[in-house]
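See structure below.
Residues: numbered from 1 along the sequence shown. All ligand and atom numbering here is 1-based and tracks the order in the structure.
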Amino acid sequence: MQPDPKRPTGLAALRARAAAARARGASRAADDRAHRLLDAYLATAEAHGRPAREVIADMARGETAWQIALALRDQALAQPPAIVQNAACAEGCAFCCILEGGDGGTITEAEATRLHTALAPLAGQPDGRAWHSDACPALDPATRRCRAYDARPMICRSFLSTDAAACEANAAGGTAGGAGLLGTHVDYLAVHALIRETLKGTARVATYSLARTAAAAIDGTGLAESLDAARQPPKALETACRDLTRAGAGKPAARV
Ligand code: SF4
Ligand code: SF4
């Protein structure tokens with residue numbers, strides 16, 4: 001009997017359901033790549049005999065997309081493209097950590113949890129907002145270094161620029177070029193969006209605001225309450241995918 005793709009009970013059924021799903025907001029090309037990447041991940045999990053319940057939990061939390069994106073990023077950086085070779089990024093250069101609009105970008109539950117865990121011990125200390133009102137609370141206001149560097153989300157690991165002066169101008173509302181996200185970030189979001197559709201009715205796949213997660217941790221709010229406060233509306237992931245895909249067609253997003 002063929003597995004019912006609407007009720008994944010094992011990894012074969014999950015693969016069938018993923019094949020029939022669509023990464024909302026992603027371009028056709030990004031959706032195609034997300035399908036290939038997720039299917040390869042699930043095939044490997046199946047070959048290793050991983051329990052479906054464990055795999056579904058990793059998918060829902062964002063660990064699956066994280067592992068896929070890290071592998072892609074390592075591949076991309078093994079032969080760095082020009083934007084990486086010419087990057088102006090340096091420690092203490094933090095104009096990209098000034099987060100317009102109070103949201104700061106879309107992160108997964110796994111990223112939000114890691115960020116909160118790294119920042120919670122710093123609760124009550126002066127944070128990035130003492131330097132700039134829109135800065136990420138994870139920032140040290142004196143040194144402008146990220147105080148959650150090892151736990152920083154993928155969006156922070158993917159952003160770079162060839163022109164720090166342009167970043168400073170953009171942080172003040174400018175539209176200078178030279179900055180962008182590695183193309184692997186498109187794949188990261190598209191895989192997570194595909195996972196959300198794959199797990200619909202099986203597990204919740206939420207996303208969170210980077211800035212609100214960091215602020216809640218620094219304010220001393222516990223993890224569960226912080227996640228509640230930082231949870232984004234359901235459309236946020238789709239919108240992030242769409243915006244990034246559009247930006248990728250020109251500037252500032254950089255494809256690797
Ligand atoms: S992206 Fe811009 S602001 Fe951020 S570290 Fe690189 S040059 Fe500096
Ligand atoms: S988590 Fe760290 S790298 Fe990311 S925006 Fe905040 S301060 Fe910057």
Which ligand 1 atoms are under 4.0 Å away from a heavy-atom of [X]?
X	result
S161	1 (S), 2 (Fe), 7 (S)
A164	7 (S)
F159	1 (S)

Is any side-chain N of the basic residue among R61 and E109 closer than 4.0 Å to the acidic one's carboxylate O?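 Salt bridge: yes.
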
Do R114 and E111 meet the salt-bridge criterion of a basic N to acidic O distance under 4.0 Å?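 No, E111 and R114 are not salt-bridged.
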
Any N/O/S atom of C167 sitting less than 2.8 Å from atom 2 (Fe) of ligand 1, backbone or side chain?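 True for C167.
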
Beyond-backbone contact of V205 with M59, side-chain heavy atoms, under 4.5 angstrom: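 The answer is no, as the side chains (C-beta and beyond) never meet within the 4.5 Å cut-off.
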
Can you check whether R24 reaches C241 side chain to side chain, under 4.5 Å on heavy atoms?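 When only atoms from C-beta onward are counted, C241 and R24 do not touch, as no gap falls below 4.5 Å.
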
Metal check, atom 8 (Fe) of ligand 1 vs C89 N/O/S, cut-off below 2.8 Å: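 C89 does not place any N, O or S atom closer than 2.8 Å to atom 8 (Fe) of ligand 1.
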
Distance from [atom] to nearest protein heavy atom, with residue and atom:
atom	answer
atom 7 (S) of ligand 2	L139 CD1, 3.6 Å
atom 4 (Fe) of ligand 1	C96 SG, 2.3 Å
atom 6 (Fe) of ligand 2	C136 SG, 2.4 Å
atom 5 (S) of ligand 1	C93 O, 3.1 Å
atom 2 (Fe) of ligand 2	C146 SG, 2.3 Å

Identify whether I218 and W131 are in the same connected component of the hydrophobic contact network (ILVMFWY, side-chain heavy atoms under 4.5 Å).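 No.
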
Can F159 be reached from L139 by stepping across I, L, V, M, F, W or Y side chains whose heavy atoms are under 4.5 Å apart?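 In one cluster with L139: F159, no.
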
Just checking: C97, one of its N/O/S atoms, less than 2.8 Å away from atom 2 (Fe) of ligand 2, yes or no?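 Here the distance criterion (N, O or S atom, under 2.8 Å) is not met by C97, so no.
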
Where does the angle between the aromatic ring planes of Y188 and H185 fall among parallel (under 30°), tilted (30 to 60°) and perpendicular (over 60°)?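 Correct class here is tilted.
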
With distance as the sole test, does R157 use its side chain to make a donor-acceptor pair with the main-chain N or O of R152 at under 3.5 Å?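 Yes, R157 side chain to R152 backbone: donor-acceptor pair under 3.5 Å.
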
With atoms numbered from 1 as shown, which atoms in ligand 2 lie under 4.0 angstrom from a non-hydrogen atom of C156?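 Listed by number with element: 1 (S), 3 (S), 4 (Fe), 5 (S).
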
